[in-house]
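In listed order, ligands and their atoms are each counted from 1. Below, all heavy atoms of this structure are taken into account, side chains as well, without hydrogens, waters or symmetry copies. A quick note: this is a predicted structure, and the numbers were derived from the prediction, not measured.
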Amino acid sequence: MTTADAVFDLSSSIDKMNPGPLYRSAIDEVAESIAPVIRDNQKYQDARVFERLLIPDRVIRFRVEWVNDEGGVEVNLGWRIEHSNVLGPYKGGLRFHPSVTEDTLHFLAYEQCFKNALTGQPIGGGKGGSNFDPKGKSDNEVMRFCQAFMRELYRHIGPSVDVPAGDIGVGGREIGFLYGQYMKITKQRDGVLTGKPLGLGGLLGRTEATGYGTVTFAEAMLKHADESMDGKRVMISGSGNVALYAAELAIEKGAKVVSLSDSGGSVVFDKGMSSEQLEELTQYKEVERGRLKDWSGNGAEFHADKRPWSLVDADVALPCATQHEVEKDDAAALADRGVKCVAEGANMPCTHKARDIFHAKGVMFGPGKAANAGGVATSCFEMSQNASHSSWTKKQALDKLEGVMLDIHEQCLEHAPMNNGVVDYGVGADRGGFVKLADAIIAMGV
Ligand code: NDP
């Protein structure tokens, strides 16, 4: 079978599966990157590894029923997609957001398999979540929802089976409630979730890991192009876990952070955000759960309903909010604003067309499956800490994180072609992850 046939066959079998638009776009993108690898390796064609990677091991879908503060009954949908455990226990976050659909989770679980493979840690890929919206809910409502969610999920997970973590809308508070319920139901305190509060077996450094890892990856991209992070203007979107810690490390490395955002708009710091402003904002977002529009940090300008991309000049952009938040026109605006390096802190924030624009304009592009892999890699350190009944120091975790990110950068370089004079990290990451998954699938037999 030729590569064209393989990819064509793939398209027709995917059509039969009828994937949603997000999963489809993730599949198509990877198919394009890895076609030459399949073409050059008869064993991958014979074992039909790519097709076997497309269909998740299983999809678990369930009802979540809980009682709100007024005594009313609420009903949500819950999912866990166990995509592939060929490299280790299913591993990937839980997302609580009203926009969550099965399509969102299919795409995230699939991407997670490649990302986890790149980390070099023994972890498979999965994802889960609910269309529950934590925004505006009281702590007690969030707790009752998490407990109801775990009442169903507990029977599907285990420290060697499936180890969920946080994602959008699921931070330390939610993980604490979920793990508490798991412990009550099962009597086990086996570390089955990662991103846990420290008192429940969490890892020092896990909160910072994804944002820090993204900055480390961006810095490696810059260094490879004989540049540094020092003095660069860095545009960041989002103001959640990934964005805030990306901002922290960027500032520490001498960069000027010129924007953050949330779903209500963007805040711009033309002269760069100070560490004091960041500290204040972190408290405001993470503890008080405030909205950017109501925050008035010294010298910060709020732009309602706007993404940051066309609002300010920058050298580096780190999209850290959500998928498809950088579209074609945003990519063009970023290039016009002087951006030379984009690294995805979020999962697939840049659309396929946006990536094409970056390549056409000679902008370096680091895909999420490489640039934001620091979170899941560090989650794996948390699993090791729990399994060995030991306590890691923050330095141990962050030093190891840095090593993993630099190794991922090297793997991308090893597999990446050049595209319009710049390294094509997107293709490098897809190929690097695919080869590991494909070889393990073959080793496992049919
Ligand atoms: P948080 O919930 O902590 O923060 C998400 C941020 O993105 C918030 O500022 C939120 O604003 C904003 N946001 C969410 N949806 C939208 C939207 N539709 N439009 C505009 N802004 C939006 O999530 P995380 O920081 O944990 O995750 C951010 C991204 O990083 C996600 O893509 C996630 O999958 C990815 N990621 C996270 C990892 C982690 O360790 N946390 C690991 C790897 C990837 P608002 O509050 O207004 O909704």
Side-chain angles (χ1 to χ4, degrees), residues 22 91-100 104-105 107-109 111-112 114-116 118-119 123 125 127-129 132-136 142 164-175 193-196 202-203 205-214 217 236-247 259-267 281-282 284-295 304-309 318-327 330 343-350 367-380 382 401 405:
L22 276 172
K91 184 90 197 85
L94 298 172
R95 178 175 292 191
F96 292 169
H97 194 274
S99 67
V100 167
T104 324
L105 299 174
F107 127 70
L108 290 165
E111 290 279 301
Q112 193 82 46
F114 288 81
K115 180 190 306 192
N116 294 4
L118 282 170
T119 66
I123 38 179
K127 201 82 190 184
F132 170 74
D133 187 0
K135 234 177 268 164
V142 170
D167 190 74
I168 292 179
V170 180
R173 173 183 63 167
E174 290 76 16
I175 294 287
L193 294 161
T194 58
K196 295 181 290 295
L203 181 83
R206 173 61 187 90
T207 307
E208 294 87 344
T210 308
Y212 275 25
T214 301
F217 192 86
I236 298 179
S237 65
S239 48
N241 172 259
V242 181
L244 292 170
Y245 292 96
S259 71
L260 289 172
S261 69
D262 65 16
S263 48
S266 298
V267 64
L281 195 55
T282 303
Y284 177 70
K285 290 298 288 188
E286 291 201 323
V287 181
E288 297 164 37
R289 298 178 195 279
R291 314 295 308 150
L292 281 182
K293 73 174 167 50
D294 302 320
W295 182 77
D305 302 321
K306 289 239 159 54
R307 295 165 176 174
W309 317 128
L318 307 176
C320 296
T322 191
Q323 68 270 2
H324 290 186
E325 55 165 324
V326 181
E327 298 176 84
D330 301 313
E344 295 184 323
N347 284 314
M348 216 193 259
C350 303
K369 59 170 79 74
N372 71 34
V376 74
T378 311
S379 279
C380 195
E382 186 173 327
L401 166 69
M405 295 315 296

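What sits closest to atom 32 (O) of ligand 1 on the protein, heavy atoms only, is N347 N, 3.1 Å. Closest to atom 45 (P) of ligand 1 among all protein heavy atoms lies S263 OG, 3.4 Å. For atom 17 (C) of ligand 1, the closest heavy atom belonging to the protein is T322 CG2, 3.5 Å. At the shortest separation from atom 33 (C) of ligand 1 among protein heavy atoms lies D167 OD1, 3.1 Å. For atom 37 (C) of ligand 1, the closest heavy atom belonging to the protein is V242 CG2, 3.5 Å. Scanning all protein heavy atoms for the shortest distance to atom 41 (N) of ligand 1 gives N241 OD1, 3.3 Å. Nearest protein heavy-atom contact of atom 9 (O) of ligand 1 is S239 N, 2.9 Å. Nearest non-hydrogen protein atom to atom 30 (O) of ligand 1 is A346 CA, 3.4 Å.
Neither the backbone nor the side chain of Q323 has a heavy atom within less than 4.0 Å of ligand 1. In R95, the part holding a heavy atom less than 4.0 Å from any atom of ligand 1 is the side chain. Using a 4.0 Å cut-off between heavy atoms, T210 contacts ligand 1 through its side chain alone, with no backbone atom that close. Under 4.0 angstrom from ligand 1, the non-hydrogen atoms of R291 all belong to its side chain. Here S237 has no heavy atoms under 4.0 Å from ligand 1, in either its backbone or its side chain.
Distances between N or O atoms of C320 and those of ligand 1 include no value under 3.5 Å. Not one N or O of N372 is nearer than 3.5 Å to an N or O of ligand 1, by distance alone. Between K127 and ligand 1, not a single N/O pair is under 3.5 Å apart. Ligand 1 has an N or O atom lying under 3.5 Å from an N or O atom of R206, backbone or side chain. Considering both main-chain and side-chain atoms, K135 comes within under 3.5 Å of ligand 1 through a nitrogen or oxygen pair.
No hydrogens or angles considered: nothing links the side chains of T104 and K127 as a donor-acceptor pair under 3.5 Å.
Among G240, G374, G169, A209, the residue whose heavy atom sits closest to atom 8 (C) of ligand 1 is G240. Ranked by closest heavy atom to atom 13 (N) of ligand 1, the top entry among G166, G345, A321 is A321.
Each of K115, Q323, Q112 was compared with N347 under the side-chain hydrogen bond (donor to acceptor under 3.5 Å, both in side chains) criterion, and only K115 meets it.
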Next on the checklist: Determine whether S379 and R206 satisfy the following criterion, side chain to side chain donor-acceptor pair (under 3.5 Å), listing intermediate values before the conclusion.
Outcome noted: CA-CA 7 Å; S379 279; R206 173 61 187 90; 2.9 Å; yes
Checklist entry - Between E325 and R307, is a salt bridge (Lys or Arg N to Asp or Glu O under 4.0 Å) present by the stated rule, with each step listed? => result CA-CA 8 Å; E325 55 165 324; R307 295 165 176 174; over 6 Å; no
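Formation of a donor-acceptor pair under 3.5 Å by the D262 side chain with backbone atoms of L292 is found in this model.
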